[in-house]
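Step one of this worksheet: look at the structure below.
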Amino acid sequence: MILRWSEQLIPTLREVPAEAEIPSHQLLLRAGLIRKLGAGLYTFLPMGLRALRKVERIVREEMDRAGALEILMPALQPPEIWRQSGRYTAAAEVLFKVADRAGREWVLGPTHEEVVTALVAGEINSYRQLPRNFYQIQVKFRDEIRPRFGLMRAKEFIMKDAYSFDATDEAASESYRKMYDAYTRIFRRCGLRTLAVEADTGVMGGKFSHEFMVPAETGENEVAYTEAGDYAANLEKAVSRGPMTPTPAVSTGPAPESFATPGVLTIEDLAAAPYNVAAHRQIKTLVFMVESKPVLALVRGDDVLNEAKFAAACGSALFRPATPEECRAALGALPGSLGAVSVKGLPIYADLQLRSARGMVTGANEDGFHLRHVDVDRDLAVTGWHDLRTVKAGEAHVESGAPLFIRRAIEVGHVFKLGTKYSEAMNARFLDADGKQKPCVMGCYGIGVTRTLQAAIEQWGDEFGIRWPVSVAPVEVEVMAINAQHADSVARANEIAEALSAAQVEVLVDDRDERAGVKFKDADLVGAPIRVSVGERSLSKGQVEVKLRRTGATELVELGSAVERIRALLAEEWNAVTVS
RNA sequence: CGGGGCGUGGCUCAGCCUGGUAGAGCGUCAGCUUUGGGAGCUGAAUGUCGCGAGUUCAAAUCUCGCCGCCCCGACCA
């Protein structure tokens with residue numbers, strides 16, 4: 001197959017568009033792959049769509065190979081099923097809602113658990129029909145608070161979502177494992193290095209999950225991991241043996257004692273002179289409005305509350321920090337002087353590091369005062385003890401004791417073991433061999449297809465453009481006649497392109513009457529793995545130049561053996577992304 | 001939603017502070033020259049200065065409101 005540049009729409013940009021901040025977003029625009037319609041809304045241009053289709057094809061092949069069945073569900077959904085699952089309110093913030101002409105409300109699907117479970121509830125009745133795994137590649141709509149970074153976080157994006165249904169928990173684990181393996185293969189075939197990390201289940205619910213992360217400085221997630229690779233977790237979920245400095249455990253007085261701390265509003269203020277209370281000797285008291293009611297969260301002064309862990313502890317994701325007025329209403333003081341000593345009637349969730357801590361300092365619930373000699377077990381009525389702190393780099397892995405590293409990453413896939421949350425809510429039951437009705441045990445599995453594409457660019461871009469892994473490159477080879485007015489060059493270039501095309505190679509011919517520099521720059525931007533340039537100079541010696549975009553290596557090849565050599569190089573490129 | 005920034009030919013931006021003629025580079029079109037890493041010359045087209053009010057003899061410029069976009073936080077593939 002031959003594409004001719006002159007007949008395409010490949011609007012490359014010489015300058016970096018002002019709207020793009022991160023390299024992959026800049027390259028998507030500069031290489032003429034996408035154009036923006038509005039915030040988080042993008043048109044895929046021909047080259048961008050070609051690359052996207054390549055990712056989709058890999059995903060399809062691996063899902064099919066893993067035994068999943070492709071279907072296609074509606075993006076427009078009735079709100080009833082969302083009420084039925086309970087997510088009409090739980091996920092309300094991301095739901096796009098539209099009205100039809102009669103004023104009836106509809107939902108634009110942000111995901112499809114409800115639809116697929118409703119389907120299964122109607123169609124699967126017997127254990128003999130299990131297991132089944134359904135997937136689709138489809139548009140999702142999410143009313144993101146802040147769309148960002150091009151395709152990375154869009155209001156409308158393409159996702160591969162799969163849903164497994166099993167008769168037993170063990171069988172569900174096997175389905176989960178199959179998807180996990182398929183994901184590993186998919187990302188490798190897309191040329192991506194990924195890290196599978198333990199993850200928080202969030203609003204999805206369920207038992208446990210793994211995220212597939214592409215390490216990148218521009219990623220929106222942070223991952224904690226050991227060098228040996230025996231542990232990797234999203235920072236939201238990560239645990240360690242605890243902070244580097246132990247929590248004080250020696251009582252300093254028989255009862256809490258108030259002391260004046262005028263102007264002190266932060267942990268740092270209190271840690272500084274004249275008070276000199278080290279941060280790890282302080283109790284940080286945070287107030288959240290959980291489903292409109294105040295709840296206290298306590299962590300050590302030098303720790304950072306992990307909101308995902310807090311959500312798990314209090315059993316709700318619907319919370320926000322309390323306003324100063326709400327803090328005053330709940331505790332009688334403004335942030336900066338808050339504490340949990342003697343507080344009654346409010347839920348208090350405390351981090352495990354504070355358990356049995358003694359000789360601590362915390363706010364007195366009186367503006368400008370703090371309490372010292374606080375012994376947690378004696379002075380605080382803690383509702384629940386949980387791991388609430390965010391792990392820090394350098395802390396010890398729970399099992400091996402090895403130091404944890406932290407780095408940023410892009411989440412490209414997420415697999416969940418859901419259990420029966422949706423099947424029970426939506427009544428997806430089957431008749432088991434023992435004659436009893438049981439809910440299907442579910443799993444769900446997502447890949448951000450458009451995000452994966454951008455992650456590949458983020459990982460493989462350089463200052464000149466995109467160095468596509470051949471498996472997702474819009475075309476495999478670009479051929480150009482350096483001087484479009486030199487008839488012999490043009491003829492030879494076309495011959496090579498025809499021969500490659502005959503050998504099932506996807507070729508882009510830059511047939512524009514542009515100067516060499518322009519075509520070279522554009523070739524680097526668009527990033528075909530192999531570039532063939534035919535020019536008078538080398539042609540006079542019977543040669544053409546072949547360049548590998550990935551390594552930058554160039555070689556001169558005899559005209560007669562050029563096609564053979566290109567195919568050999570191409571085979572090597574494919575080998576680099578092949579999974580056996 | 002809170003905080004910050006920006007909106008001027010297709011793109012990148014200047015002009016705004018201190019009101020009066022709307023500009024540059026790139027791109028586009030025509031012609032000539034040039035042809036191995038974003039060429040040169042000549043000529044040309046392209047603007048409701050985001051929208052709406054207000055102040056003023058006069059508004060891209062000052063004021064107010066709205067809209068859009070980008071960045072930082074919460075959400076997620």
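A note on names: the letters A, B, ... follow the listed sequences, proteins ahead of strands, and every chain is numbered from 1.
For rC76(B), the OP1/OP2 oxygens have no side-chain nitrogen or oxygen of R146(A) closer than 4.0 Å.
Of the possible donor and acceptor atoms, one in the side chain of D351(A) sits under 3.5 Å from a partner among the backbone N and O of L388(A). In this structure, the side chain of R408(A) engages the main chain of G219(A) through a donor-acceptor pair within 3.5 Å.
Residue-to-nucleotide contacts include a donor-acceptor pair under 3.5 Å from the side chain of R153(A) to the base of rC76(B). Counting distance only, with no hydrogens placed and no angle test, the side-chain atoms of E514(A) and the base atoms of rG38(B) include no donor-acceptor pair under 3.5 Å. Between the base of rG25(B) and the side chain of E15(A) there is a donor-acceptor pair shorter than 3.5 Å. A donor-acceptor contact under 3.5 Å is formed by the side chain of R531(A) with the base of rG37(B).
Using a 4.0 Å heavy-atom criterion, one finds that S538(A) contacts the bases of the nucleic acid, with or without backbone contacts as well. Note on G517(A): only backbone sugar-phosphate atoms sit closer than 4.0 angstrom, heavy atoms only; bases stay farther off. Among the atoms of the strands shown, only primed sugar atoms or phosphate atoms (P, OP1, OP2) are found under 4.0 Å from some heavy atom of E19(A). At a threshold of 4.0 angstrom between heavy atoms, the contacts of E211(A) with the nucleic acid are absent. Nucleic acid contact class of V518(A) (heavy atoms, under 4.0 Å, all strands): base. Counting any heavy atom pair closer than 4.0 Å across all strands shown, R320(A) reaches no nucleic acid atom.
Near RNA chain B, meaning a heavy atom under 4.0 Å away, the residues from residues 154-165 of chain A are A154(A), F157(A), M159(A). Contacts of residues 181-189 of chain A with RNA chain B (heavy atom under 4.0 Å): none.
Taking atom CZ of residue F149(A) and atom P of nucleotide rC75(B), one finds them 16 Å apart after rounding to whole Å.
In summary, E555(A) and R565(A) engage in a salt bridge, as defined by a charged side-chain N under 4.0 Å from a carboxylate O.
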(request) Could you give me the CA-CA distance, side-chain angles and deciding distance for D181(A) and R65(A), then say whether salt bridge (Lys or Arg N to Asp or Glu O under 4.0 Å) is met? (result) CA-CA 11 Å; D181(A) 291 346; R65(A) 174 194 175 106; over 6 Å; no
(request) Start with the C-alpha gap between D488(A) and E536(A), add the side-chain angles, then the distance that decides, and say whether side chain to side chain contact (heavy atoms under 4.5 Å, CB included) holds. (result) CA-CA 8 Å; D488(A) 203 30; E536(A) 288 178 71; over 6 Å; no
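Q454(A) and S24(A) share a side-chain donor-acceptor pair at under 3.5 Å. For the 3.5 Å distance criterion, the side chains of S85(A) and E113(A) fail to qualify, holding no donor opposite an acceptor. Side chain to side chain, R537(A) and N483(A) fail the donor-acceptor criterion of an N or O pair below 3.5 Å.
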Between the protein and nucleotides 41-44 of chain B, are there any N/O to N/O pairs under 3.5 Å, and if so, what are the atom names and distances?
none

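Paired with E62(A) under the rule salt bridge (Lys or Arg N to Asp or Glu O under 4.0 Å), one option of R185(A), K160(A), K178(A), R57(A) passes, and it is R185(A).
rA22(B) and rG15(B) are spaced 8 Å apart, taking the C1' atom of each and rounding to whole Å.
Residues Y135(A) and I447(A) are not in side-chain contact: their nearest non-hydrogen atoms beyond the backbone lie 4.5 Å or more apart.
You'll find the ring centres of F310(A) and F319(A) inside the 6.0 Å limit. You'll find the ring centres of Y180(A) and F212(A) inside the 6.0 Å limit.
Listed nucleotides: rC72(B), rG37(B), rC70(B). Nearest to the side chain of K36(A): rC70(B).
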